[in-house]
Structures are given as structure tokens and as C-alpha cells.
Amino acid sequence: QEQLVESGGGLVQAGGSLRLSCAAPGGTFRNAGKGWFRQAPGKERECVAGINWSGARTYYADSVKGRFTISRDNAKNTMYLQMNSLNPEDTAVYYCAVHTISGTYYSENEYDYWGQGTQVTVSS
């Protein structure tokens, strides 16, 4: 069973940028919607952004609109999250997952095949 693999996390100063990648090398999920979630210490996991199978439709949490951009390259079986203007409140473990149940793209219950997560830390 293929799993998603996140990369690109790290430590960045407030105002900086990072780009996360989510790879599924086997191509199993090439035609599936996907999403990015994050979980900060002591908080529930929350949706950051979602994207449909073609990339034509994207969805963002209000807290990241205008700062984060979700995209995908189906030829490379990879999804991305470009994060700009980062602030300490963005510090969390970021996860990607496959959207397996039709819905709004914002609910964790609509997703499966979670990656292991990548840590993003924003210093003030």
C-alpha cells in the first residue's frame, strides 16, 4: 500500500517562506484530490488547504488565504504547499493525505493514506 511522503519542513524566521512537497512515487493517487493539514502542540489537526485531482479547484483555511498556495504536478506525482509570510502561529507538524470521501475538502474524515508529517517551526 503506497504512502505519501512529506518533505521540505524546517526552521524559518517570521516573514520567511518554505515549500513543502508531498510525494507518492508509485502514482497510485495521481487522480485523487489531496490536502494539507497541520497539528500544533496541544491542538487538534486542522485543514490548511485542499486541491482536486486536476488542480483546477483549491480550498484554503481562512488563516492561510493569501499566504499559502497549494498546487500539484501529476506528472511527478507530487503535491506542493508554498508558504509565504510565515508567522509563529504556523508552527506545527504538516501532513498530507488523500481525499477519499466526497465532501468539502476541509474535514479530516474525508481523508486517508496520511503521510508521516514534516515539522515546520517559525521563530519570532
Side-chain angles (χ1 to χ4, degrees):
Q1 175 172 299
E2 184 166 31
Q3 293 294 319
L4 304 183
V5 180
E6 303 97 337
S7 62
L11 174 64
V12 64
Q13 289 188 332
S17 299
L18 283 174
R19 188 176 82 154
L20 305 183
S21 297
C22 172
T28 304
F29 307 118
R30 181 176 299 160
N31 295 323
K34 295 188 179 72
W36 286 100
F37 284 71
R38 67 186 180 186
Q39 187 167 22
K43 295 187 177 181
E44 293 186 353
R45 189 155 55 184
E46 63 174 355
C47 177
V48 174
I51 188 167
N52 80 322
W53 71 273
S54 68
R57 294 197 304 274
T58 57
Y59 310 85
Y60 295 95
D62 288 342
S63 59
V64 307
K65 280 180 182 176
R67 300 188 299 123
F68 291 11
T69 302
I70 189 171
S71 62
R72 64 189 298 164
D73 184 340
N74 287 345
K76 295 181 179 179
N77 299 320
T78 303
M79 175 178 67
Y80 305 97
L81 186 67
Q82 177 67 42
M83 305 186 295
N84 298 328
S85 301
L86 286 161
N87 58 62
E89 289 70 40
D90 295 315
T91 294
V93 177
Y94 283 70
Y95 301 89
C96 61
V98 180
H99 190 244
T100 57
I101 299 175
S102 181
T104 67
Y105 275 82
Y106 292 110
S107 173
E108 182 177 350
N109 296 330
E110 298 171 12
Y111 291 83
D112 202 346
Y113 307 105
W114 295 84
Q116 83 288 349
T118 185
Q119 176 71 48
V120 171
T121 303
V122 185
S123 63
S124 58

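All residue numbers in this chain count up from 1 along the given sequence. Keep in mind it's a predicted model, so treat the numbers as computed, not measured.
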Practice task
Could you list the residues that satisfy salt bridge (charged side-chain N to carboxylate O under 4.0 Å, His left out) with K43, not counting sequence neighbours?
Solution key: none

Exercise for the section: Report the residues that fulfil salt bridge (charged side-chain N to carboxylate O under 4.0 Å, His left out) with R45, sequence neighbours left out, ordered by chain and then residue number. Expected result: E108

Exercise for the section: Under the side chain to side chain contact (heavy atoms under 4.5 Å, CB included) rule, collect the residues that match up with T121, sequence neighbours excluded. Expected result: L11, T91, Q119

Problem - disulfide (SG to SG under 2.5 Å): pairs with one or both residues in residues 5-93, sequence neighbours excluded - result: C22-C96

Exercise for the section: Output the rest of the hydrophobic cluster of V64: all Ile, Leu, Val, Met, Phe, Trp and Tyr residues reachable through side-chain heavy-atom contacts under 4.5 Å, sorted by chain and number. Expected result: V12, L18, L20, W36, V48, I51, Y60, F68, I70, M79, L81, M83, L86, Y94, V120, V122

Fill in the blank from the handout: Looking only at heavy atoms, the pair that brings S124 and A14 closest together is CA-CB, 4.3 Å

Practice task
For E2, check salt bridge (charged side-chain N to carboxylate O under 4.0 Å, His left out) against everything at least two apart and list the hits.
Solution key: none

Fill in the blank from the handout: Contacts satisfying side-chain hydrogen bond (donor to acceptor under 3.5 Å, both in side chains) that involve residues 46-55 (not counting sequence neighbours) are R38-E46, N52-S54

Handout entry: Contacts of S102 that satisfy side chain to side chain contact (heavy atoms under 4.5 Å, CB included) - sequence neighbours left out
Key = none

Practice task
Report yes if the side chains of E110 and H99 come closer than 4.5 Å at any heavy-atom pair, otherwise no.
Solution key: yes

Practice task
With sequence neighbours excluded, give me every salt bridge (charged side-chain N to carboxylate O under 4.0 Å, His left out) pair touching residues 5-17.
Solution key: none

Completion exercise
For N109, the side chain to side chain donor-acceptor pair (under 3.5 Å) test, sequence neighbours excluded, returns none

Exercise for the section: Kindly compute the distance separating CD1 (I101) from CG (D112), expressed to the nearest 0.5 Å. Expected result: 8.0 Å

Exercise for the section: Would you mind listing every side-chain hydrogen bond (donor to acceptor under 3.5 Å, both in side chains) that reaches into residues 7-23, with sequence neighbours excluded? Expected result: S17-N84

Practice task
To the nearest 0.5 Å, tell me how far N87 CG sits from R67 CZ.
Solution key: 4.5 Å

Practice task
Scan residues 1-34 for pairs that pass ring pair (Phe, Tyr, Trp, His ring centres under 6.0 Å), counting only residues two or more places apart or in two chains.
Solution key: F29-Y113

Problem - Flag, side chain of T78 to backbone of K76, donor-acceptor distance under 3.5 Å - result: yes

Problem - Side-chain donor/acceptor of Y111 to backbone N/O of Y105, under 3.5 Å - result: yes

Practice task
Report yes or no: does R30 contribute a side-chain atom to a donor-acceptor pair with the main-chain N or O of A24 at less than 3.5 Å?
Solution key: no

Handout entry: pair L4-Y95: side-chain heavy atoms closer than 4.5 Å
Key = no

